[in-house]
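To start, the structure itself, in structure tokens.
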2 protein chains.
Amino acid sequence: MPTPAYNAFSAACPTREVLNLISGKWVGLTLTALAQGTQRYGELAGRIGGISHKMLTQTLRMLEQNGLVERKVTPTIPVTVDYSLTPLGSTLVPVVAAVKAWAEANVEQVRAAAASYEMPLGGGAETAALVAERASV
Amino acid sequence: MPTPAYNAFSAACPTREVLNLISGKWVGLTLTALAQGTQRYGELAGRIGGISHKMLTQTLRMLEQNGLVERKVTPTIPVTVDYSLTPLGSTLVPVVAAVKAWAEANVEQVRAAAASYEMPLGGGAETAALVAERASV
DNA sequence: CTGGATCCGAAACGATACTG
DNA sequence: CAGTATCGTTTCGGATCCAG
């Protein structure tokens, strides 16, 4: 079959899993960081500000399992681990880099829009950014 | 200052908020659906398979607050609500569409990689897709 | 150095029921 | 038709401690 005709709008489509996979909070930054070339665990941790130990490991493992990242262990003492992009992972980099670039380029417009958002009722003392899901309080 | 020099790798950078915003589970599909043109609430709900009532509303509200989507209410009986992309939102569409397209194009490769993932130890009876976060059991 | 294991709070998500 | 409200479940994400 030449055209698989996957359609992400279908709830049952396996594309959904892939979509959820790459929309993880740290996936984009991790892949973008790896686009700079093979790096050690510690280098990645330093480059991606604010990522916790756990999430970096978890994200890398997940990407490895799905064929986007390669993990190479060198049994030195202490052990050395290098991470690099697979060919498949490399094809995703431009995409996530575009997302990152869009975010950086449009931060101010988004913030301006959020700040000037007209509250439905009541005082406008709160910033729109906080309104999204504060109903639980 | 001409170049704001936002850098998403910095933990304190406001780009992070925008990044988290557009990496929501339903944001990409919602924006892609809206790229087809102005649509009613019900149309969107039908087009985006598997989305719950709550999440569609929540996603649309969030996008509206951040200036990506416009919401127009016509006080007919019953009420009519039309959603459309703002100019800012339109600039994001190609980006999220690329993500969706990548996912659809590479589902099989990702699944193949996940299926052939070598388990660190123990039997290989389980599929890799389940290994990611089963530690809590 | 690299990361596994565990605990725990905070969100995101989803199903259902109710409303104008 | 287009939501809102509520509840329960799942997942996320960080801190800490431990280990090869």
Side-chain angles (χ1 to χ4, degrees), chain A residues 11 16-17 19-30 38-65 69-84 120-121 129-137, chain B residues 11 16-17 19-30 38-64 69 71-84 119-122 129-137:
Chain A
R16 288 290 177 87
E17 294 172 25
L19 230 34
N20 292 337
L21 194 160
I22 62 186
S23 53
K25 183 174 181 179
W26 300 106
V27 174
L29 289 174
T30 302
T38 300
Q39 280 164 87
R40 305 263 301 274
Y41 181 89
E43 295 180 271
L44 288 169
R47 194 182 302 269
I48 307 172
I51 193 171
S52 72
H53 207 156
K54 172 185 170 180
M55 291 318 294
L56 180 55
T57 299
Q58 193 171 303
T59 302
L60 287 169
R61 282 274 184 276
M62 196 244 291
L63 293 174
E64 185 198 3
Q65 287 178 8
V69 160
E70 188 187 5
R71 178 169 175 268
K72 185 164 294 182
V73 181
T74 309
T76 51
I77 299 179
V79 69
T80 304
V81 184
D82 289 286
Y83 291 94
S84 58
L121 283 170
L130 297 174
V131 181
E133 257 294 72
R134 65 184 298 281
S136 55
V137 185
Chain B
R16 287 289 177 88
E17 295 171 25
L19 231 34
N20 292 337
L21 194 160
I22 61 185
S23 53
K25 182 173 182 178
W26 300 106
V27 174
L29 289 175
T30 302
T38 299
Q39 280 164 88
R40 307 263 297 273
Y41 182 89
E43 295 180 271
L44 288 169
R47 194 182 302 270
I48 307 171
I51 193 170
S52 72
H53 215 155
K54 173 186 169 183
M55 291 317 295
L56 179 55
T57 299
Q58 192 172 301
T59 302
L60 287 168
R61 284 273 188 279
M62 195 243 291
L63 294 174
E64 185 198 3
V69 160
R71 177 170 176 268
K72 184 165 292 182
V73 181
T74 309
T76 52
I77 297 180
V79 70
T80 304
V81 183
D82 289 286
Y83 289 94
S84 58
M119 302 299 160
L121 282 172
L130 297 174
V131 181
E133 259 294 70
R134 66 182 299 279
S136 54
V137 185

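Reckoned from all heavy atoms, side chains included, excluding hydrogens, waters and symmetry mates. Quick caveat: nothing in here was measured; it's all calculated off a predicted structure. We name chains A, B, ... by the order of the sequence lines, and we start the count at 1 in each one.
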Legend entry - Minimum-distance nucleotide (side-chain atoms of B:K54 versus D:dA2, C:dC1, D:dC7): D:dC7

Inset, instruction - Determine: side-chain N/O of A:Y83 to OP1/OP2 of C:dG3, distance under 4.0 Å, yes or no. - result: yes

Inset, instruction - Ignoring backbone atoms, test whether A:R40 places a side-chain nitrogen or oxygen under 4.0 Å from the OP1 or OP2 oxygen of C:dC1. - result: no

Inset, instruction - Give a yes/no answer on whether the side chain of A:S52 brings an N or O atom under 4.0 Å of OP1 or OP2 in D:dG14. - result: yes

Inset, instruction - Answer whether the closest heavy-atom distance between the side chains of A:M62 and A:L21 falls below 4.5 Å. - result: yes

Inset, instruction - Can you figure out which of C:dC1, C:dC13, D:dG14 approaches the side chain of B:M55 most closely? - result: C:dC13

Inset, instruction - Check whether any side-chain heavy atom of B:R47 lies under 4.5 Å from a side-chain heavy atom of B:Q39, and answer yes or no. - result: yes

Inset, instruction - Determine: side-chain N/O of A:K25 to OP1/OP2 of C:dA11, distance under 4.0 Å, yes or no. - result: no

Legend entry - Listed nucleotide nearest any side-chain atom of A:W26, set D:dG13, D:dA2, C:dG3: D:dG13

Inset, instruction - Look at B:R71 and D:dG3 and indicate whether a side-chain polar atom (N or O) is within less than 4.0 Å of OP1 or OP2. - result: yes

Legend entry - Heavy-atom donor-acceptor pair, B:H53 side-chain to D:dG3 base, under 3.5 Å: yes

Legend entry - Nucleotide nearest B:V79 when distance is taken to its side chain, options D:dA2, C:dC1, C:dG3: D:dA2

